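Residue numbering restarts at 1 for every chain, and letters A, B, ... go by the order of the sequence lines. Values reported hereafter were calculated over all heavy atoms of this structure, with side chains retained and with hydrogens, waters and symmetry mates removed. Small disclaimer: the values here were computed from a predicted structure and weren't measured.
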Amino acid sequence: MNTFSMYVARESGLHKLHPLTKSLLTLLLLVAGLTLPGNWTGYILVLFIILPLALWGQVFRNFIRIVWGLSLPFILSVVIIQSLFWGKGTPIFEFWILAPKVEGALFAAISVGRIILVMAGFILFAMTTRPDTLMISLKQVGVPSSLAYIIVTTLQIIPRFQSKASTILDAQRSRGLETEGNLFVRSRAVVPIILPLVLGSLVEVEERAIAIEARGFNSKREETSLIEIPDTKTQFIVRRLFFMLMILSIAARIAWQLSN
Amino acid sequence: MMDNIKKEFSTRTLVLIPIAIAINIAIGELVVRLKLPVYLDSIGTVLVGAIAGPWAGALTGALANLIWGLFNPFVAAFFYVAAVIGFIAGLAGKRGAFQNETPRWVSVLVGAVFVFSLTLFVLAFSNASTDDTGFTTYPGMTELFSRYAVIFVVAILIGAAIGYFLLQKGGYAGLWGLITGIVAAIISAPTAAYVFGGVTGSGTDLVVAAFRASGAGILSSVMAQGAVSDPFDKMLSFMVVWLILRSMPARFRAQ
Amino acid sequence: MAIVELKDVTYKYPLTESLALQNIHLKVDQGEFVAVIGPNGAGKSTLCYTIAGFVPHFFKGELTGTVEVAGNESSKSSLHEWVLNVGLAFQNPFNQISGAKYTVFEEIAFGLENIGVPREEMIQRVEEAMQLTGISDLADRSPYSLSGGQQQRVALASILVMQPKVLVLDEPTSQMDPIGAREVFGVIRTMAEKGMTVLLVEHKVEWIANFADRIIALHNGKILLEGKPQEVLTSDLLANKGFGISRYTSVARRAKDLGLWKKDSLPVTLEEAVEGFA
């Protein structure tokens with residue numbers, strides 16, 4: 001599927017779950033990880049819930065690779081910066097002018113837990129949920145269909161625009177546009193590429209609007225759906241449960257904050 | 001008010017939004033390819049704000065980040081910042097910022113004030129002193145001026161040049177961009193500081209490091225980093241949209 | 001029985017001074033195949049938009065006169081209801097793909113989802129539309145992976161599936177290679193033979209000469225001439241006004257001037273030319 005998404009098709013139980021179930025689960029994990037009192041909840045949730053889910057979803061290998069790849073820059077940055085530049089604190093060691101502090105490293109470790117939680121949660125969700133079925137399920141709970149239209153369409157056309165930008169870049173280069181050299185030279189290359197890209201795209205807007213109007217896009221009638229998404233009673237109950245757990249988690253946080 | 005909001009979302013707008021989001025991403029990548037020290041990843045958002053209005057701009061920004069978040073969850077956490085950027089762009093559009101020409105001297109002034117404030121800011125931080133109780137004091141303005149008079153003059157001149165050459169007749173748009181950038185920096189700092197430990201995983205973390213080294217707390221450092229890079233980036237983005245709208249034939253602008 | 005009737009229709013786009021359509025009187029009977037020809041700027045697209053309801057609902061501007069389809073008046077109806085009366089397809093097949101669906105089947109069903117057709121009926125209608133347009137084998141493909149001709153047929157199927165009473169086509173083959181054009185013409189011909197009322201704007205004069213019941217020549221927003229293809233396409237009124245008259249006609253006209261063309265009427269198609277010169 002040539003769209004802008006991380007979705008990987010598999011025949012797993014996780015994939016077969018209703019998109020809303022998965023959305024609420026991801027949200028619950030994020031909310032719990034970020035609000036529950038305690039510094040290491042991020043790691044716990046990732047280790048004991050997200051990783052097993054990734055296994056169930058048959059995307060473990062890819063999943064680890066992507067999460068690691070995306071998180072690494074953050075992890076490196078946060079460890080280095082917060083350890084070395086912590087200000088007043090107890091040094092772990094001293095080498096030349098470098099004196100990483102324990103407090104800094106600790107803070108970094110806690111942050112890394114949160115970072116990985118956010119990354120892993122989102123990525124697992126994206127890898128196991130088809131964007132269009134997600135949109136359909138959102139429509140069923142009242143999300144306006146114009147929103148669903150926007151999101152799915154965006155995903156489909158992003159690759160096209162990425163290559164359009166490349167094409168215009170090459171075309172301008174062949175006309176003598178300099179794209180390498182000092183900062184000045186490179187900066188001047190920006191507008192001659194952006195302008196054709198944007199203006200060319202704006203021309204399409206009117207015809208595309210007419211085309212979807214001609215397909216009843218603004219119809220006031222109640223919509224139907226071609227694709228049916230399988231759902232189960234269990235999932236229905238589980239979703240309510242997730243929602244309540246989220247509220248509880250936030251409440252726990254508030255209570256903890258107040259008692260401190 | 002709901003009617004006003006609804007009016008912004010005509011079919012044309014709904015068709016425009018996906019295109020704008022794709023433009024955000026395409027230009028954001030282009031800038032990386034050209035190795036430029038800016039993001040320029042909100043041009044589509046600003047464009048929709050300018051053409052269709054604040055609410056449409058806000059939705060575009062929010063969705064753009066959430067969608068990009070499918071690939072990089074970090075970006076998604078800042079969806080509210082992008083929404084605000086789109087919203088302000090809409091306000092600027094309603095005030096004609098993208099249609100009018102400003103006299104050059106206004107642009108020069110905007111540029112000069114911007115670089116001057118930036119210099120003031122950076123110098124204040126780098127000359128901060130922390131006493132033993134952990135309390136940080138920042139030097140007073142007169143002290144800074146007398147010590148760094150030459151730097152300030154140079155800064156004003158550079159700023160004036162930026163205003164003249166970069167902003168040209170779009171000074172008003174550039175000003176709105178500046179304001180947007182400052183607001184964006186402020187409201188994104190808490191999320192960066194709390195959720196991500198104060199880093200963005202990119203080169204700007206060095207800026208955060210520098211501010212931390214001066215004794216500033218995490219939140220302040222992140223905010224300071226944002227205050228250094230965001231206003232310029234948004235100012236440029238607003239300028240580019242101004243340029244785009246002025247290059248469009250009148251028929252399109254009538255929306 | 002006129003299914004489309006325009007009475008004294010005049011239209012001006014917003015922010016312009018010139019009239020795009022002037023005093024148009026037009027009737028199309030049920031099942032008729034009417035072709036519209038004219039130079040650039042003649043108002044052909046505007047005419048299409050007017051019959052399809054986009055003028056005035058989408059473009060605003062000033063419209064006077066009445067536009068009726070199947071007894072309903074367009075200005076008294078809303079656009080989203082009017083599109084069920086009149087189906088519109090135009091030049092650029094790419095812009096007619098919604099982008100909201102991943103497969104051709106779903107893309108064609110998109111319109112039916114919007115108007116609330118129940119699922120079983122939806123599936124049936126989509127399969128019929130795909131058969132009519134010869135694209136049943138493309139059902140699982142992504143609309144963006146198709147050729148121009150295939151995309152245009154998907155666009156046609158997407159409109160036909162809505163079961164409009166009238167089909168308006170604005171130069172559907174202009175952006176196509178010869179193969180694609182032939183595929184699209186094939187579909188149009190099938191629809192016409194099935195009794196669909198078709199209004200086709202087209203430059204390929206030879207083709208419409210063979211299949212159109214009637215031709216309308218538009219010039220500067222007015223109807224210059226209308227009648228049977230033979231009469232209209234060979235009329236001297238159309239000469240030198242940018243109508244792109246068939247080369248066979250032009251050649252034969254020159255031959256006539258030189259006394260080499262013996263017949264009374266000028267040819268429009270290759271067959272007629274061959275016949276005439278034999």
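Remark: C:Glu113 does not engage A:Arg215 in a salt bridge, criterion side-chain N to carboxylate O under 4.0 Å. Under a 4.0 Å N-O distance rule, the pair C:Glu81/A:Arg221 qualifies as a salt bridge.
Heavy-atom distances place no part of C:Glu120 under 4.5 Å from chain A, backbone and side chain included. Both the backbone and the side chain of C:Ile115 come within contact range of chain A, judged by heavy atoms closer than 4.5 Å. Interface remark: A:Glu207 contributes backbone and side-chain atoms alike to the contact with chain C (heavy atom separation under 4.5 Å). In this structure, the portion of C:Leu84 lying under 4.5 Å from any heavy atom of chain A is its side chain and not its backbone.
Of the listed residues (A:Ile210, A:Thr153, A:Ile157), the one with the most heavy-atom contacts under 4.5 Å to chain C is A:Ile210. Options A:Asn218, A:Ile227, A:Leu226, A:Thr154 differ in how many heavy-atom pairs under 4.5 Å they form with chain C, and the most are formed by A:Leu226.
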>> Evaluate C:Asn95 against A:Glu206 for side chain to side chain contact (heavy atoms under 4.5 Å, CB included), listing each step before the verdict.
In response: CA-CA 9 Å; C:Asn95 285 343; A:Glu206 186 158 88; over 6 Å; no
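No more than 12 heavy-atom neighbours from other residues, nucleotides or ligands sit within 6.0 angstrom of CZ on A:Arg188. Heavy atoms of other residues, nucleotides or ligands lying less than 6.0 angstrom from CG of C:Asp140 number 12 at most. Within 6.0 Å of the NZ atom in C:Lys194, the count of heavy atoms belonging to other residues, nucleotides or ligands does not exceed 12.
Between the CG atom of A:Asp132 and the NZ atom of C:Lys101 there is a distance of 7.5 Å, given to the nearest 0.5 Å.
In terms of modelled atom types and a separation under 3.5 Å, the side chain of C:Gln96 and the main chain of A:Ala211 share no donor-acceptor contact.
No side-chain heavy atom of C:Leu79 sits under 4.5 Å from any side-chain heavy atom of A:Phe217. Looking at C:Phe94 and A:Arg208, their side chains never come closer than 4.5 Å, going by heavy atoms from C-beta outward.
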